[in-house]
Amino acid sequence: MNNRSLAERLKYYRKSKGYSQEELSHQTQVTVRTIQRIEKAEVNPHLNTLKSLAAALDIEVNELLPLENPKEETIKKKWLLLLHGTPLLGIFIPLCNVLIPLFIWIHKREDNPIYDEHGIKVINFQITVLLLAVLAFVSLVTIEKWGFFIFIATLPICIAIVIFNIIYVLKKEKCYYPLAIPFLKFKSSSSLKSVALLFSVLIFSNCATKTNDGIARLDGSMISKDLITEKMNQLTKDANVQGLAVSIFEDYQLVYENVVGYKDAPKKLELTDSTNIYGGSLSKAVFSVLVMKLVEEEIIDLDTPLESYLPKKIHEYEPLTRWHDDYTDLKTDSLYHKITARMCLAHTTGFANWRFYESDKKLKVNEVPGTTYGYSGEGFVYLQVVLEKITGKGLEELAQEYIFKPLQMKNSSYQWQARFEKDFAYGHQEDGTTFHKDIDNEPRGGSTLETTSSDYVQFLTAVLNQELLSKASYDEIFSPQIRIKSATNFGPGAALTTNKFDAINLSYGLGWVYFETPYGIGVSKGCHGDGFEHYSVLFPETGKGMLIMTNSANGESIYKELLAYAIADTYTPWEWSNYIPYVK
């Protein structure tokens with residue numbers, strides 16, 4: 001590509017539309033720096049970047065693209081020859097007369113309008129040929145005498161038309177296909193939908209019509225993987241995020257996974273998808289699935305008071321851990337005996353998030369259980385401790401048995417393991433320095449998960465595909481249990497009431513945040529720890545979702561922009577979660 005010519009064209013059209021570089025960046029989400037480098041002829045931009053710029057400038061992308069090298073004509077004719085000639089393979093291999101030119105067209109149609117135009121004409125004709133072949137066969141068995149002639153004449157006529165067009169396109173770069181039914185139309189916005197229909201007609205409906213480079217966002221718009229990668233690089237730099245792992249789901253499977261940055265920024269050690277990352281409150285999503293598995297096995301019931309499962313009062317048990325199973329503070333409490341598993345998972349126990357947040361550092365029930373939302377890790381631990389006493393197994397043993405081993409999550413644990421020493425991530429403070437790595441946590445269902453981005457993708461994939469549990473159990477997890485009216489989840493705003501989130505019916509399910517969108521429900525779970533900030537969101541009805549994992553105290557500042565850009569998620573309640581965007 002002639003970068004100088006492209007630079008001049010972009011600058012000309014931008015100025016003719018009255019845009020500054022900053023305004024064009026805002027219109028396209030292409031960074032100002034990238035636009036500046038294009039206009040200085042310093043880069044050879046990706047085609048999708050040029051498409052975004054052309055769309056914002058209201059011009060065709062070929063008005064920006066200068067002519068390629070002098071050999072362009074030879075290259076063009078080779079591709080045209082493949083488009084028009086390969087259908088002859090259909091004589092020997094059924095359906096190849098359509099499939100091969102279809103694949104070539106999908107690959108090349110955006111490179112030059114002539115490939116788009118010729119490809120559509122070839123595909124339309126070859127699909128018509130298939131229909132004519134069927135009709136010819138029908139005529140053979142239903143029409144006496146003439147049916148035979150119709151049948152034997154159809155194939156030679158079609159072959160003759162193909163050969164004529166091969167010669168015609170090499171001489172004139174033009175083609176003519178009579179009788180073709182216009183299944184696809186040149187420059188039609190519905191072309192890709194038509195292709196999908198054609199695949200189903202050809203019993204190839206499982207073959208995706210979009211290229212491997214594209215991702216369909218929630219609103220149906222497409223974005224290239226290269227642009228997402230470019231956005232990740234830009235955001236980590238602008239917001240000073242040391243390490244970032246992003247995974248995107250489409251059609252109930254992983255379609256994009258990328259990791260940038262460092263597990264130890266001061267030492268410049270790279271982060272990977274197999275690097276151990278502290279999962280923090282992502283623990284709760286895993287724990288909710290574990291609990292529902294035990295509900296399915298009738299070990300516990302969601303609505304039976306937990307106290308009733310134990311032979312003695314919870315405060316009468318001798319603590320076996322440093323602090324989290326010590327319930328002596330509840331000896332005089334008159335409300336805790338009402339707490340059920342559902343209340344623990346829905347954050348309506350009345351417990352504070354952690355007992356050390358109380359002014360006297362003592363555990364207590366502050367609200368009537370089941371009546372008020374209040375985020376509480378203590379509620380999850382209380383349920384965990386009861387389950388451990390019922391089953392005689394520790395949390396780690398239960399998680400390995402029911403979750404980690406079935407899902408092949410070999411690098412996940414509720415407790416630090418010696419093998420993690422080989423490759424683990426440090427959390428980073430806002431200035432980029434590292435936090436001390438805490439490795440002596442005892443297993444807690446609400447907070448101590450150690451995992452990797454690759455392992456957690458395994459878990460989210462299983463949830464999207466409703467593995468491990470029945471549909472009824474997932475429906476229970478992803479049903480609103482308590483309506484959320486607070487302005488924020490934490491801080492002073494947690495005590496304020498608002499109607500701001502009524503439009504999305506913001507609620508809590510069992511271990512997951514619940515909200516509603518035009519594309520079905522969304523369910524999410526995040527983490528906010530010392531230098532580890534993560535966010536996962538799934539849209540179960542569409543099979544889409546996204547996982548963002550960072551080892552930076554600045555991680556949450558990029559969520560809003562990244563979610564909107566990559567999957568068109570503008571519904572995540574980022575204000576309620578205090579995911580305040582960064583300021584340059």
Side-chain angles (χ1 to χ4, degrees), residues 236 241-247 259-267 269-288 290 321-324 353-354 356 375 377-378 380-381 384 395-396 399-400 403-404 407 409-460 490 511 524-536 547-559 577 579:
T236 52
V241 174
Q242 284 67 45
L244 170 64
V246 169
S247 305
V259 182
V260 299
Y262 302 103
K263 62 183 180 182
D264 186 341
K267 294 182 179 180
L269 299 178
E270 290 189 1
L271 181 71
T272 72
D273 64 355
S274 60
T275 299
N276 170 265
I277 297 178
Y278 172 61
S281 286
L282 293 183
S283 306
K284 296 180 175 69
V286 176
F287 186 70
S288 70
L290 170 60
T321 69
R322 288 195 297 270
W323 63 270
H324 74 248
N353 190 9
W354 297 110
F356 40 81
Y375 193 86
E378 287 284 359
F380 276 70
V381 171
Q384 167 198 334
L395 171 63
E396 177 65 13
Q400 290 291 344
I403 309 291
F404 299 148
L407 296 182
M409 296 171 66
K410 297 179 181 179
N411 294 309
S412 295
S413 172
Y414 273 100
Q415 189 167 22
W416 176 264
Q417 304 294 331
R419 66 180 186 275
F420 298 158
E421 286 280 356
K422 297 178 181 178
D423 185 11
F424 71 93
Y426 282 97
H428 294 80
Q429 303 184 57
E430 292 181 0
D431 63 0
T433 57
T434 57
F435 281 98
H436 170 73
K437 174 61 181 175
D438 189 357
I439 63 173
D440 65 347
N441 282 327
E442 295 166 311
R444 289 191 288 276
S447 61
T448 64
L449 178 67
E450 298 282 349
T451 188
T452 68
S453 66
S454 180
D455 264 19
Y456 208 75
V457 162
Q458 292 289 96
F459 171 70
L460 293 179
F490 298 110
S524 68
K525 189 69 201 80
C527 156
H528 181 98
D530 286 344
F532 291 97
E533 297 181 348
H534 316 312
Y535 183 72
S536 63
L547 170 65
I548 306 171
M549 302 187 81
T550 77
N551 59 333
S552 170
N554 299 316
E556 293 173 349
S557 70
I558 66 173
Y559 291 175
S577 299
Y579 298 156

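Bear in mind that the values here come from a model prediction, so they are computed numbers and not experimental data. Every heavy atom of this structure was used, including side-chain atoms; hydrogens, water molecules and symmetry mates were not.
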Engineer: Just how far is it from atom OG of Ser281 to atom OH of Tyr375, taken to the nearest 0.5 Å?
Structural biologist: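 The OH atom of Tyr375 is 3.0 Å from OG of Ser281, to the nearest 0.5 Å.
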Engineer: Any luck finding a side-chain donor-acceptor pair between Ser454 and Thr452 under 3.5 Å?
Structural biologist: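 There is no such pair between these side chains.
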Engineer: Grab the two heavy atoms, one from Gly432 and one from Ala265, that are nearest each other, plus how far apart they are.
Structural biologist: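 Looking at all heavy atoms of both residues, the shortest contact is O-CB, 4.4 Å.
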Engineer: How long is the gap from CG on Leu271 to OH on Tyr262, to the nearest 0.5 Å?
Structural biologist: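 So the CG of Leu271 and the OH of Tyr262 are separated by 11.0 Å.
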Engineer: Can you pull the salt bridge (Lys or Arg N to Asp or Glu O under 4.0 Å) pairs that have at least one residue in residues 434-456, sequence neighbours excluded?
Structural biologist: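 Every pair satisfying salt bridge (Lys or Arg N to Asp or Glu O under 4.0 Å) with a residue in residues 434-456: Lys437-Glu450.
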Engineer: Assess the residue pair Leu395 and Leu290 against the criterion (side chain to side chain contact (heavy atoms under 4.5 Å, CB included)); give the C-alpha distance rounded to whole Å, side-chain angles, the decisive distance to 0.1 Å, and a yes or no.
Structural biologist: CA-CA 10 Å; Leu395 171 63; Leu290 170 60; 3.9 Å; yes
Engineer: Stepwise, does the side chain to side chain contact (heavy atoms under 4.5 Å, CB included) test hold for Ser413 with Phe420?
Structural biologist: CA-CA 10 Å; Ser413 172; Phe420 298 158; 4.1 Å; yes
Engineer: Going by atom types alone, do Gln415 and Thr448 pair a side-chain donor with an acceptor below 3.5 Å?
Structural biologist: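 Result is no, nothing qualifies.
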Engineer: Nearest 0.5 Å, what's the CZ-CG distance between Phe424 and Asn551?
Structural biologist: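 Rounded to the nearest 0.5 Å, the CZ-CG separation comes out at 11.5 Å.
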Engineer: Drop me the distance from His528's NE2 to Tyr535's OH, to the nearest 0.5 angstrom.
Structural biologist: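 Rounded to the nearest 0.5 Å, the NE2-OH separation comes out at 15.5 Å.
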Engineer: Would a distance-only check, ignoring hydrogens and angles, find a side-chain to backbone donor-acceptor pair under 3.5 Å from His534 to Thr550?
Structural biologist: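 Looks like yes, one N/O pair under 3.5 Å.
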Engineer: Determine, stepwise, if the pair Leu547 / Val457 fulfils side chain to side chain contact (heavy atoms under 4.5 Å, CB included).
Structural biologist: CA-CA 8 Å; Leu547 170 65; Val457 162; 4.0 Å; yes
Engineer: Identify the heavy atoms of Ser453 and Thr272 that sit nearest to each other, and give their distance.
Structural biologist: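 Distance-wise, the nearest heavy atoms are OG-O, 4.5 Å.
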Engineer: Taking atom types as modelled, find out whether Tyr426 and Lys267 have a side-chain donor-acceptor pair closer than 3.5 angstrom.
Structural biologist: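 No - no donor-acceptor pair under 3.5 Å links their side chains.
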Engineer: Checking the side chain of Glu378 only, and the main-chain atoms of His324 only, is there a donor and an acceptor separated by less than 3.5 Å?
Structural biologist: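 It does not hold such a pair.
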Engineer: Measuring from Asn411:CG to Thr275:OG1, what's the distance to the nearest 0.5 Å?
Structural biologist: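 The CG atom of Asn411 sits 10.0 Å away from the OG1 atom of Thr275.
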Engineer: So does Glu270 have more than 12 non-hydrogen atoms from other groups sitting under 6.0 Å from CD?
Structural biologist: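 It does not: Glu270 CD has 12 such atoms or fewer within range.
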Engineer: Please name the residue in the list Tyr278, Phe287, Tyr456 that meets the side-chain contact (heavy atoms from CB on, under 4.5 Å) test with Leu449.
Structural biologist: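 Exactly one pass, corresponding to Tyr456.
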Engineer: Could you walk me through whether Phe459 and Ser536 pass the side chain to side chain contact (heavy atoms under 4.5 Å, CB included) check?
Structural biologist: CA-CA 11 Å; Phe459 171 70; Ser536 63; over 6 Å; no
Engineer: Within the structure provided, determine whether Ser447 and Trp354 are in side-chain contact (heavy-atom separation under 4.5 Å).
Structural biologist: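 Yes; the side chains approach each other to less than 4.5 Å.
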Engineer: Quick check: closest heavy atoms across Trp416 and Ile439, and the distance to 0.1 Å?
Structural biologist: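 It is CB-O, 3.4 Å.
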Engineer: Could you tell me which non-hydrogen atom of Ser288 sits nearest to which non-hydrogen atom of Gly511, and how far apart they are?
Structural biologist: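 Distance-wise, the nearest heavy atoms are CB-CA, 4.1 Å.
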Engineer: Enumerate the residue pairs fulfilling salt bridge (Lys or Arg N to Asp or Glu O under 4.0 Å) with a member in residues 410-432, sequence neighbours excluded, ordered by first and then second residue.
Structural biologist: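 For residues 410-432, and leaving out neighbouring residues, the salt bridge (Lys or Arg N to Asp or Glu O under 4.0 Å) pairs sorted by first residue read Lys263-Asp423.
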Engineer: Using atom types as modelled and distance alone, determine if a side-chain donor or acceptor of Ser552 lies under 3.5 Å from a backbone N or O of Asn554.
Structural biologist: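 Looks like yes, one N/O pair under 3.5 Å.
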Engineer: Looking only at atom types and distance, does a side-chain atom of Glu533 sit under 3.5 Å from a main-chain N or O of Glu556, one as donor and one as acceptor?
Structural biologist: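 Pair found, side chain donor or acceptor close to backbone of Glu556.
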Engineer: Hey, could you give me the CG/NZ distance between Leu460 and Lys525, rounded to the nearest 0.5 Å?
Structural biologist: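 So the gap between those two atoms works out to 12.5 Å.
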Engineer: Has the side chain of Asp264 got a donor or acceptor atom that lies under 3.5 Å from a matching backbone atom of Leu269?
Structural biologist: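 Checking the backbone N and O of Leu269 against the side chain of Asp264, no donor-acceptor pair under 3.5 Å is found.
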Engineer: Indicate the atoms forming the closest heavy-atom contact of Gly279 with Thr451, along with that distance.
Structural biologist: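 It is CA-CG2, 4.5 Å.
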Engineer: Checking the side chain of Tyr414 only, and the main-chain atoms of Gly446 only, is there a donor and an acceptor separated by less than 3.5 Å?
Structural biologist: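 Checked: no pair found.
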Engineer: For Pro266 versus His428, what's the shortest heavy-atom pair and its separation?
Structural biologist: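 Scanning both residues, the minimum pair turns out to be CD-NE2, 3.9 Å.
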